[in-house]
Asks: 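I'd like to ask some things about the structure below.
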Amino acid sequence: MFKKEFKFSVFLLGIFTLISACSSGAELDTLNPKGPTSRSIDSLADPVFMIAGVVFLIIFGGTALLWLRFRDDHSDEEFPDQIHGNFRLEILWTLVPTLILAGVSVFTLITLSEINGTDDNVMALSVDGEAISWEPEVLVVGQQWWWEYRYYLDGLDGVDLSDARNLPPADIITSTQMVVPTGEEIELKITSRDVIHSHWIPALNGKRDAVPGRVSPWKIEADEPGVYFGQCTEFCGLSHARMRMQVVAMEPENFQAWINRQIEPALEPTTESSKRGKEVYESLCVRCHVVKGVNDETSIGADLVSNAAPNLTHLMSRTTFAGGIFNMYEPDGSLNRTQLEAWLRNAPEEKPAYAEGRRGMPNLGLDEGQIDDLVAYLETLGEKPTIETIAATEVE
Amino acid sequence: MTQTVEPQVESTSEDQTKHQPLGVYTRPKGGNGWRDWVTTVDHKKIGVLYGAAALFFFLIGGIEALLIRLQLATPNGTVLGADMYNQMFTMHGVTMVFLVIMPLAAAFANYLLPLQIGARDVAFPRLNALSFWVFLAGGLFLNTAWLFGDAPDGGWFGYAPNTGIVFSPGNGMDFYAIGLQITGIASLVSAMNLIVTVLNMRAPGMTLFKMPVFTWMILVVQFLLVFAVPVITVALFLLLFDRNFGSNFFNPVMGADPLLWQHLFWIFGHPEVYILILPSFGIISEVIPTFSRKPIFGYPFMVFSGIAIGFMGWGVWAHHMFVSGIGPISVAAFSLSTMFIAVPTGVKILNWMATMWGGKLLFNTPMLFATGVVSMFTVGGLSGVTHAVAPADTQQTDTYYIVAHFHYVIFGGALLGIFAGFYFWWPKVFGHMLGEKLGKLNFWLMLIGFNLTFGPMHILGLQGMSRRIHTYSPGFGFELWNMVETIGSFIIGLGVLFFLINIYVSAKKAKGQPPIGPDPWDARSLEWITPNPTPIHNFDEVPNIEELDDFWHRKYGKDENGKIVRIASAEEVCQDGSATDTHLPSPSYWPLVLALGFPFIGYGLIYSLWLCVPGGIMILMSIYAWAFEPPDDPEGNHGDHHEDTTGEVAEEVSVD
Amino acid sequence: MSKTEIEHSETSDDAGDEHDHPSDNKYIQIAIILAVITALEVATYFFEGMPGEILIPLLLIMMVIKFFYVAAWFMHLRFDSPLFTKFFVAGLVLATVVYVIALTVFEFWHKG
Amino acid sequence: MTENEHSVGTGVSNNKLLMWVFLGSECLLFGGLISTYLIYRSRFADGPAPGDIFDIPFTSVSSFVLLMSSLTMVLSLSSLQRGDYRNTRLWLLTTALLGALFIGGQVYEFTTFLREGLGYSTSPFSSAFFTLTGFHGVHVSIGIVMLMSLYVSSMRGNLKRESSETLEIVGLYWHFVDVVWIFIFTVIYLVPSPTS
Amino acid sequence: MLSTGFKFWFGLCLLMVVSAVFAGYTTGGTETGPISLGWKGGVGNHVVYTLLMIGAGSMAVMGIVSQAFRDSDLEAASELLGIEDLPQAQNEVGNSWWPVFAALGLSILAVGLVVNSAVFIIGIIIVLVIGFEWTITNWSEKATADPRLNSELRERLMRPIEIPIIGTLGIGVVVLAVSRILLSSSVTGAVWVATIVGIVIFGTAFFISKRPSISRGVIQSILFLGISGILIAGVISAVVGERDFHHKGSHHADKSHVDEKE
Ligand code: HEA
Ligand code: HEA
Ligand code: CUA
Ligand SMILES: [Cu+2]
């Protein structure tokens, strides 16, 4: 009998060793903060885990002790004392947890106010050669099953956000990858166009739900340049598992450069194939997608419940697509043609969607020629990022 | 399974034929085979029915869990598609919560409550039967959604607007809304019934503070149910109307606020989790003293902490909404209120340990499960406290860390406790013990499997694995632990299998043997004063209660040195079940017919409103037929005003 | 009220709730009070321009009084077992507290 | 065997206790519906606002009717307790008729609103309004059916003085429904509502 | 052995099936529609058809239930109760009003066939109800030799059905009539109407309660007069039609209606 118990304790010990050993290295790790907000959460959570661990050890150790010490060894027939209780003990074990928790609450409140406070940082940017001061803010819009990031460089104050399905035009619109400057606190305004999603970049901050009809404030800040992975965490229907995103943090000067590129409209295609591709785009894709310089409007309403599809103007500047589940580039930096073609050939096959239910990109029944041309055209949209970024953002 | 032969209710007198004219709607006589079961109003049979049905649903929910685990065993799994997976975890959650743990608790409550307070039956036997049939009807209704190829797929808490008609156009969420509505009726009726029973039907001398802790916890749970069920009723109605009649409660396009659903759901939902756990707390509060051979430590504190948990459970619901955007002040308030629930719960844990302290512990299977609860529930409770710390929860919520939390409290707390109850009261119900060897095997397999399955979920959650994802990609460090969990879940399955085998083997062994003698565990509470299995009439003579654990005090006393000594043998103390002329409520089939009306209405709402007509007629007619049903026994009612055992629903008309 | 008017029903004398039910006149009195309060309530509607800060508390107070009268007299809570009152009040208080918190979280009061 | 069951229960009737527990539970049900309404009363989308559409004078009359039906209900009960079957039936029927008048008024109100552009799907406000008052109306209707059943029973000589508790319990339900309306009338109708 | 209850319910079931099929063909069902439950082809007026079929279904369920429990089976019951001789003699059959009502229903039905389907449905319902009551009365009057027992038997069978239906129908009609009257009045008129009706009901009741000497007949006539007054006023108002309404609110939004369920 004793052996069994011993084995069990060893087993548990093993588990806990593994817990401590395995809590780093993963891209979505919550215990590996990379920004001030997530750090203050972490520094609150760690001691709480510790307290929980200690309480657990006490209870578990206590149970084990009872088990060993008071087990009936049948040495005599005596009946144990019939103790009915002890008032002082009761008070003791009411008070002690109360005090511990009172301590925890104080720190909880402090951290809460920390992660909800905002500093009024402004950032000097130049847009179209004009110097502006930007209060870093990004509008985050969730929809089935991808994220859109909208940058309003004049600030979000005067922008009407009441109807997420009909937002006023933004200076920069990207999807799946949010680009931010390092060392700046970025205020997020999170909302949704259809169901509830949740925006979560574990290394930078906890979650905040994207609730249709509401605009929730949240913030992130990255210490270092890098790519931070995220995942939609509120169950949002069929492809919830496939709704991912990344934050790409870059030095402010790189960020400035990125802005400069992104506010430009798309270039005219030059090759024959890409010209034909543009025609296909204009005949089929403009229903839903926007490419600045080609079409600013869509007729999406009847096609998609959410009234939005990713803005493709700078598609190639993003390293992943379709909700961050596919690589745009091969590790060697060349276009991931196979995947992009497969997407155009039959999107619902690649990513579960209810295309007939007006959610997700439908299968458009393109022929191979059209697909080749379209890929050629898409390749002209936006600038390719550096090979380092490509490597850092690689998925699967 | 063994069943006692019912003493036939005699009804030969001439007089009675006049009172009960021949013809339709006489009360069925019961007595043989399946008719006996479908018409029974006996709380014990209903308890057994509840248990059997819930175990059946447990197998369904468990198989769903295993399929989930198979899908997640490897990255990019292909066992289930996304759609199938979503239905699977939704039905798994719904089944386990509403069709397994709650009815299992109801099984114990039904069987034991009258026995523990010294009553012949519950206050309203027919209502009791009604609750069971309505529950069964609702459960089956929900599960038939699989057969129609359209199971609910919005998660067990069904957040709007994802569950609205636009985003969930199939019938799945209608099954969810209607099915839960039906089981809600069952819970409500049964809760009201049990409250009246506990308050009004106690044996002489059984004051509230001489009731066993189990009875107390069940009482608290019934109050939670009475007040929580109507809240989800509202929520489900609104959802149903949104989906079927074009209302706009959760339609943001028309300016509705989806958080309304979350509030309504969780105002119900959090009391609900205590509804799940308190019965188990009650069970182990019976088991631990018995096997420690000591009274429960700090009885009044056990009772009050249970009540306190019930109370505080109402003020914490928004901890499920820390990231919904309810504003920092609300978050802070709910964060703190949540944390302090740990205090009364801790009191319970420590009192159980103090009960064991200084005892002479016998580690029979029930006790193994009970100690399992003490340690495993604590793990879950502590992770609960880490969620209660709102900033930390923004990282944890909707990850596997939460899944770990609630499986530790539900599996490690509620389910293990219920298993303790199975092993403990099996002889009471069936007259034979469950095998100890198989029982221990059952326990260890379940414990190990359980820790293997849900322990690593803590890690996965903190590593950032979201819940409710039908698949994950390699490269996030999720592979190893998911595989371990899948293996663990099959070990649990094996454990459960051994339980089933144990049931079978022990029943087979017991066949032909006389039932086990009285008091196999040297137990403490009143139910053991009746013979095993409990005779149909419960008590030969309703005992007078003098103390807490009265039964035990009848067996033991103090000698002149103040030492505890045995003063009477179990045979002397226990009744022999020989009374025959006890008046019992006669069976009725209206509960069944009434309950059958609900699925009709359910299918009607989904497929064709016309179907509601026969459903409605069935319900309406049975209500009246029920009310006009002849009293059980025209003679038995003379003089004893006590309870109208025919059990009229208050709103109904009783004219007999 | 005269006791002769009220005969006890046989069924209730063992149930411990032996008490005097009020006479019909008493009930009518109560009904008149209720009617008057209702009339007052309705009258506020025709008083345009009463500021909300006065009007709403006033209405709520009148409502509570009516509520109380019906529950206490017509529903016999005054005479019946206090247990009934407890159950009802439990539901009432719980509902009020819980839903008021919920409304607060919804920032219902902010809009005034 | 000897019936020595002197239970230490609360000494009150099971049936009545059951009804009171049920009413306690109903508080949470109506509380939920009322809160839903309150949250949505200013969300009337493009449709009419509550302040535009409520007909306070009419609703006041309905409220009076329902209030007085509580009186007749209690009179019916006290008649039965006196063994006065004639008046029991008289007041029962009066209560049912007043209830029917109230419901008729509600049908009228709903129809008016509908004609004035407030459909069930018009806005969150409209959905919440119809659902709340509809639920209340359904409760009243169930009450009327119960009253009528008792009336018929009484006609057939089945509602005896000894079973006055049945009537009392139905009465409790009836008064509760009235009490809920007292709340609804004040909070939903009289407290000034938003206008468009 | 098939129990009486079973026979009774199944008889009804059959009757309903036949009338459903009949109704199906007469209201434009295709050749195979009405007999294939609409699986192949149309069933004519599907409201009538479905109602009847559903009725048939529920009757079948009742039949099975009562067979399962062997209710109303004289032999089984007497076996159980240990009575030797089955009461068999038939007692005198009382006066019956059913034929009159039945004739009325049939004529409504006939008129309905020609005029419009709503009237037809009402006719069907009346005929069905009467057929039902008649059968039950007939059956119960022959059930045993003891008339008291017989009437109790009938009561027990019929109360659960009659009471809720009478109750519901009763208030339904009043509610309908009252709301029609109110709808045809002006806005303030409605207030007055409601006030007056309320006061009249209330006042009459008080008046009667204070005068114990008033005979039953008088009360019945008052009641009858009052109810028929309301009904007649209701019918007149329904014919007159509703008053004019104006859209309220910022925009008109009448894309919806309450009775969307239909
Ligand atoms: C049986 C059911 C049960 C029980 C008993 C509990 C008990 C508790 N739960 Fe749990 N909970 C669930 C079932 C349950 N929960 C479920 C199903 C969900 C997920 C729903 C979903 O999203 O699907 C959930 C989710 C959940 C959340 C939301 C997480 C999220 O989604 O973000 C939170 C947050 O606060 C929480 C907290 C708690 C706390 C504080 C307790 C406390 O009651 C625990 C108290 C116990 C102890 C703390 C241990 C013993 C105490 C001591 C030994 C004393 C000393 C202790 C200290 C000093 C700390 N639970
Ligand atoms: C209430 C109780 C309860 C219980 C007991 C369980 C038991 C189990 N749960 Fe459950 N679970 C929930 C309640 C519960 N769960 C809830 C509420 C959710 C959230 C749902 C949601 O997100 O909406 C959830 C979600 C959930 C998930 C997360 C899904 C996701 O987020 O994507 C997972 C994943 O592993 C899981 C696994 C398991 C496993 C392996 C068991 C095991 O313990 C199961 C053990 C049982 C068996 C293994 C059956 C044994 C029987 C046999 C195998 C016998 C042989 C068969 C025959 C005789 C035919 N559960
Ligand atoms: Cu979006 Cu989950
Ligand atoms: Cu909770």
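Every chain is numbered from 1, with letters handed out A, B, ... down the list of sequences.
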Asks: What part of B:Ile232 lies closer than 4.5 angstrom to a heavy atom of chain D: side chain, backbone, both or neither?
Replies: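 When you check distances to chain D, no heavy atom of B:Ile232 falls under 4.5 Å.
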Asks: Taking all heavy atoms of B:Gly255 and all of D:Pro124, pick out the closest pair and write down the distance.
Replies: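 In terms of heavy atoms, the two residues are closest at C-CG, 3.9 Å.
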Asks: Just so I know, are the side chains of D:Leu18 and B:Leu127 near enough to count as touching, which here means a heavy-atom distance under 4.5 Å?
Replies: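 Yes - at least one pair of side-chain heavy atoms lies under 4.5 Å apart.
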Asks: What part of D:Thr131 lies closer than 4.5 angstrom to a heavy atom of chain B: side chain, backbone, both or neither?
Replies: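 When you check distances to chain B, only side chain atoms of D:Thr131 fall under 4.5 Å.
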Asks: Any salt bridge (Lys or Arg N to Asp or Glu O under 4.0 Å) involving residues 168-177 of chain D? Give me the pairs, sequence neighbours left out, ordered by first then second residue.
Replies: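 For residues 168-177 of chain D, and leaving out neighbouring residues, the salt bridge (Lys or Arg N to Asp or Glu O under 4.0 Å) pairs sorted by first residue read D:Lys16-D:Glu168.
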Asks: Using 30° and 60° as the class boundaries, would you call the ring planes of D:Phe135 and B:Phe241 parallel, tilted or perpendicular?
Replies: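 Rings of D:Phe135 and B:Phe241: tilted, 30 to 60°.
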Asks: Closest heavy-atom contact between D:Val145 and B:Tyr624?
Replies: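 What the structure gives for the nearest pair is CG1-OH, 3.4 Å.
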Asks: Could you tell me the separation between the OG1 atom of B:Thr233 and the CG atom of D:Leu33, rounded to the nearest 0.5 Å?
Replies: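 Separation between the atoms: 10.0 Å.
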Asks: Among D:Ser127, D:Gly24, D:Gly143, D:Cys27, which residue forms the greatest number of heavy-atom pairs with chain B at distances under 4.5 Å?
Replies: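 Highest number of pairs under 4.5 Å: D:Ser127.
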Asks: Take atom OH in D:Tyr85; do more than 12 heavy atoms of anything else shown fall under 6.0 Å from it?
Replies: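 Enclosed: over 12 neighbouring heavy atoms sit under 6.0 Å from OH of D:Tyr85.
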Asks: Output the residues of residues 220-229 of chain B for which the shortest heavy-atom distance to chain D is under 4.5 Å, in residue-number order; output 'none' if no such residue exists.
Replies: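 From residues 220-229 of chain B, the residues near chain D are B:Val226, B:Phe227.
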Asks: Between B:Val234, B:Asp242, B:Asn251, which shows the greatest number of heavy-atom pairs under 4.5 Å with chain D?
Replies: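 Top count of heavy-atom pairs under 4.5 Å with chain D: B:Val234.
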Asks: Please name the pair of heavy atoms, one in D:Ser121 and one in B:Met254, separated by the smallest distance, quoted to 0.1 Å.
Replies: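 Minimum heavy-atom separation between D:Ser121 and B:Met254: O-CE, 3.8 Å.
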Asks: Please report the interatomic distance OG(D:Ser35) to CD1(B:Ile267), rounded to the nearest 0.5 Å.
Replies: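 D:Ser35 atom OG to B:Ile267 atom CD1 measures 7.5 Å (nearest 0.5 Å).
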Asks: Could I get the full list of ring-ring contact (aromatic ring centres under 6.0 Å, His included) partners for B:Phe250, not counting sequence neighbours?
Replies: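 Checked B:Phe250 against ring-ring contact (aromatic ring centres under 6.0 Å, His included); matches are B:Trp261.
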Asks: To the nearest 0.5 Å, how far apart are CD1 in B:Ile195 and CG in D:Asn14?
Replies: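 These two atoms lie 12.5 Å from each other.
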Asks: What part of B:Leu238 lies closer than 4.5 angstrom to a heavy atom of chain D: side chain, backbone, both or neither?
Replies: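 The answer is the side chain of B:Leu238.
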Asks: Per the salt bridge (Lys or Arg N to Asp or Glu O under 4.0 Å) rule, what does the pair list look like for residues 97-113 of chain D, sequence neighbours excluded?
Replies: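 Counting only pairs at least two positions apart or across chains, no salt bridge (Lys or Arg N to Asp or Glu O under 4.0 Å) contact touches residues 97-113 of chain D.
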Asks: Considering non-hydrogen atoms only, spot the tightest contact between D:Ser123 and B:Asn248 and give its length.
Replies: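 D:Ser123 and B:Asn248 have their closest heavy atoms at N-ND2, 3.7 Å.
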Asks: Would you mind reporting whether D:Thr36 and B:Phe249 have side-chain heavy atoms less than 4.5 Å apart?
Replies: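 Side-chain contact under 4.5 Å: yes.
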Asks: In terms of heavy-atom proximity below 4.5 Å to chain D, should B:Asp257 be classed as side chain, backbone, both, or neither?
Replies: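 Both parts, backbone and side chain.
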